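To keep things clear, I will list the structure first and then write my remarks on it.
Quantities reported herein were computed from a predicted structural model and do not represent experimental measurements.
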Amino acid sequence: MAVQRLDLATPEAAQHAAAIIDDGGVVLLATDTTPALGARADRPDALARLWEIKGLEPSPLALHLPAAGRVRAAIDELITPSPIQALLIDRFFPGAIQLIVPAEPDRLEPWLTALGVEPGVVDTSGAALLRAPAHPAATALITAAGGPVVMASANTDDATPPRDLDGALARFTGGCVPTGVLAGGPDPAGQPSTAVRFEPTGGLVVVREGLLEERFIRKRLERTVLFVCTGNTCRSPMAAAIARAAVEAAGPLAAGGVPIRVRSAGTTAAEGMPATPEAVEAVRSLGIAMGAHASTPLTRDLIESADDIFAMTHSHRHMAQAIAPASGDRIRMLDPADADIPDPIGHPQPVYDETAERIRELVEQRLASITGTLPKVPAS
């Protein structure tokens with residue numbers, strides 16, 4: 001049987017490939033992970049042909065969606081995601097993760113009905129399977145198709161998946177081959193997607209490592225809070241120490257399980273200076289240990305790697321915005337009322353103590369706005 005070859009560079013290719021699967025055919029194409037066989041999830045004849053080509057017994061496949069927003073919309077129909085689950089979608093989709101999303105029958109079954117998909121096609125053991133590949137060929141096919149799309153890796157057994165479309169085609173024998181090949185875009189990485197299960201308790205479990213390692217995923221799911229002052233020896237180290245104490249007191253389930261990393265820097269800071277003794281004493285009076293501190297100059301990398309940047313004064317905010325203009329919407333005043341926090345440097349200890357107390361109150365407010373769950377740091 002001849003295989004139709006379609007070049008993604010032509011405007012009509014994706015529409016033609018979509019017409020093939022809409023008519024019950026199967027298309028071989030590249031994804032960000034491995035070459036894949038794509039078919040309509042609501043066409044039993046197409047699913048039967050897909051498994052015939054693979055030479056394997058049918059099993060559930062992930063529903064493939066064209067964008068992160070579509071994944072989030074599907075999840076919202078199934079569950080109410082926790083903060084860390086929502087963050088995973090924001091930071092990794094589209095991408096090389098397959099989600100396993102357990103849902104109650106009264107939500108899963110209507111969702112399958114609305115898709116027009118039989119039970120057991122895109123779900124298993126009460127959990128929906130979802131993916132949004134980051135590859136132009138896959139996205140184009142999913143977008144152009146007239147209904148829900150599933151994809152299966154283009155290997156015919158449990159061996160290592162092929163790296164390219166020609167290698168995939170070479171594995172199909174006996175005359176049962178895809179109807180078409182949608183070629184174009186980057187080569188697949190040659191590794192399967194990483195499977196992540198959403199736990200009903202709000203957590204995440206990596207059930208199968210693939211292209212993305214678990215340690216990489218966990219690192220990307222941190223939320224970084226950066227405090228900025230001038231020399232990074234008084235105000236921002238105090239704010240950072242107070243915030244760390246709050247995060248530590250909240251424990252691992254703070255912010256819906258999202259780990260929070262706290263940093264500080266100064267707009268004109270020298271490298272490696274300790275916090276002033278008065279700043280150390282001011283936070284100690286709040287029952288907080290400053291810990292080791294070495295001043296850090298504010299850089300674009302620091303700003304861009306932070307999720308929330310809190311400046312002590314308007315001047316600090318403006319300087320941070322000048323360093324990293326694209327991050328401007330994440331750079332805010334620590335005081336929600338938009339007031340400056342004056343520098344206590346050169347003043348006696350009571351001024352430091354008053355400044356630390358004010359910073360404590362503001363840090364509590366800001367962390368509460370971010371997490372909604374962090375407890376207050378008790379004042380001594």
Side-chain angles (χ1 to χ4, degrees), residues 224-249 260-306 308-325 327-328 330-370 374 376-380:
T224 299
V225 178
L226 175 66
F227 296 99
V228 177
C229 68
T230 305
N232 192 216
T233 60
C234 296
R235 289 166 289 179
S236 59
M238 290 194 292
I242 291 165
R244 289 190 191 102
V247 170
E248 183 177 352
I260 297 176
R261 183 185 187 192
V262 180
R263 307 187 71 178
S264 67
T267 56
T268 60
E271 190 83 44
M273 298 296 292
T276 64
E278 295 87 352
V280 174
E281 174 59 25
V283 295
R284 189 202 63 77
S285 69
L286 298 176
I288 298 167
M290 175 69 74
H293 173 76
S295 60
T296 301
L298 185 66
T299 64
R300 186 173 67 179
D301 285 347
L302 272 176
I303 297 171
E304 291 179 347
S305 65
D308 303 278
I309 303 99
F310 295 118
M312 300 294 150
T313 69
H314 288 82
S315 175
H316 299 140
R317 184 178 64 182
H318 295 154
M319 291 183 71
Q321 290 170 336
I323 292 170
S327 302
R330 291 182 285 112
I331 303 170
R332 293 171 284 170
M333 298 287 286
L334 178 59
D335 190 338
D338 217 30
D340 286 351
I341 301 171
D343 194 347
I345 192 78
H347 291 277
Q349 187 65 49
V351 175
Y352 273 85
D353 295 344
E354 292 172 6
T355 302
E357 177 59 31
R358 182 181 176 198
I359 288 174
R360 181 188 66 80
E361 294 174 357
L362 298 175
V363 166
E364 286 176 359
Q365 293 179 43
R366 285 305 194 181
L367 289 180
S369 71
I370 291 170
L374 286 175
K376 292 185 177 181
V377 180
S380 298

Would you please name every residue forming a salt bridge (charged side-chain N to carboxylate O under 4.0 Å, His left out) with Arg332, sequence neighbours left out? Asp308

List the atom of Ala241, the atom of Ile288, and the distance in Å for their closest heavy-atom pair. O-CG2, 3.7 Å

What one should report as the nearest heavy-atom pair of Arg366 and Pro336 is NH2-CA, 3.5 Å

Residue pairs passing the salt bridge (charged side-chain N to carboxylate O under 4.0 Å, His left out) test where at least one lies in residues 227-241, sequence neighbours excluded: Arg235-Asp343

Quick test of your reading: applying salt bridge (charged side-chain N to carboxylate O under 4.0 Å, His left out), list the pairs with at least one residue in residues 286-301, sequence neighbours left out, ordered by first then second residue. Arg300-Glu304

Quick one: pull up CD1 in Ile309 and CD1 in Ile323 and give me the separation to the nearest 0.5 Å. 11.0 Å

Measure the spacing between CD of Glu361 and CD of Gln365 and express it to the nearest 0.5 Å. 7.5 Å

Do Val363 and Phe227 make a side-chain contact, defined as non-hydrogen atoms from C-beta onward lying under 4.5 Å apart? yes

Restricting to side chain to side chain donor-acceptor pair (under 3.5 Å), what partner residues turn up for Ser264, sequence neighbours left out? Asn232

How would you list, by chain and number, every residue that makes a side chain to side chain donor-acceptor pair (under 3.5 Å) with Glu281, sequence neighbours excluded? Arg284

What distance separates Met290 CE from Ile242 CD1, expressed to the nearest 0.5 Å? 8.0 Å

Sorted by chain and number, sequence neighbours left out, side chain to side chain contact (heavy atoms under 4.5 Å, CB included) with Ala282 holds for Met238, Gln349, Tyr352, Asp353, Ala356

First locate atom OG1 of Thr267, then atom CE of Met319, and finally report the distance between them rounded to the nearest 0.5 Å. 4.0 Å

If a pair satisfies salt bridge (charged side-chain N to carboxylate O under 4.0 Å, His left out) and one of its residues is in residues 260-278, list it, with sequence neighbours excluded. none

Please enumerate all residues that pass side chain to side chain contact (heavy atoms under 4.5 Å, CB included) together with His318, with sequence neighbours excluded. His314, Gln321

Residues in side chain to side chain donor-acceptor pair (under 3.5 Å) contact with Thr296, at least two apart in sequence or another chain: none

Please give me the minimum heavy-atom distance between Gly231 and Ala269, naming the atom from each residue. O-CB, 3.4 Å

Closest non-hydrogen contact found for Leu302 with Pro297 is CD1-O, 3.4 Å

Taking the side chain as every heavy atom from C-beta outward, state whether Leu226 and Arg330 have any pair of such atoms under 4.5 Å apart. no

Contacts of type side chain to side chain donor-acceptor pair (under 3.5 Å), residue Arg244, not counting sequence neighbours: none

Interatomic spacing from CZ in Arg360 to OG in Ser285 - rounded to 0.5 Å: 10.0 Å

For Ile303 and Ser327, which heavy atoms make the closest approach, and how far apart are they? CG2-CB, 3.6 Å

Working to the nearest 0.5 Å, report the span between CG of Asp340 and CG of Leu334. 11.0 Å

Can you sort out the partners of Arg358 under side chain to side chain contact (heavy atoms under 4.5 Å, CB included), two or more places apart, ordered by chain and number? Asp335, Ala339, Ile341, Pro342, Leu362

So which heavy atom on Ala275 is nearest to which on Val280, and how close? CB-CG2, 4.1 Å

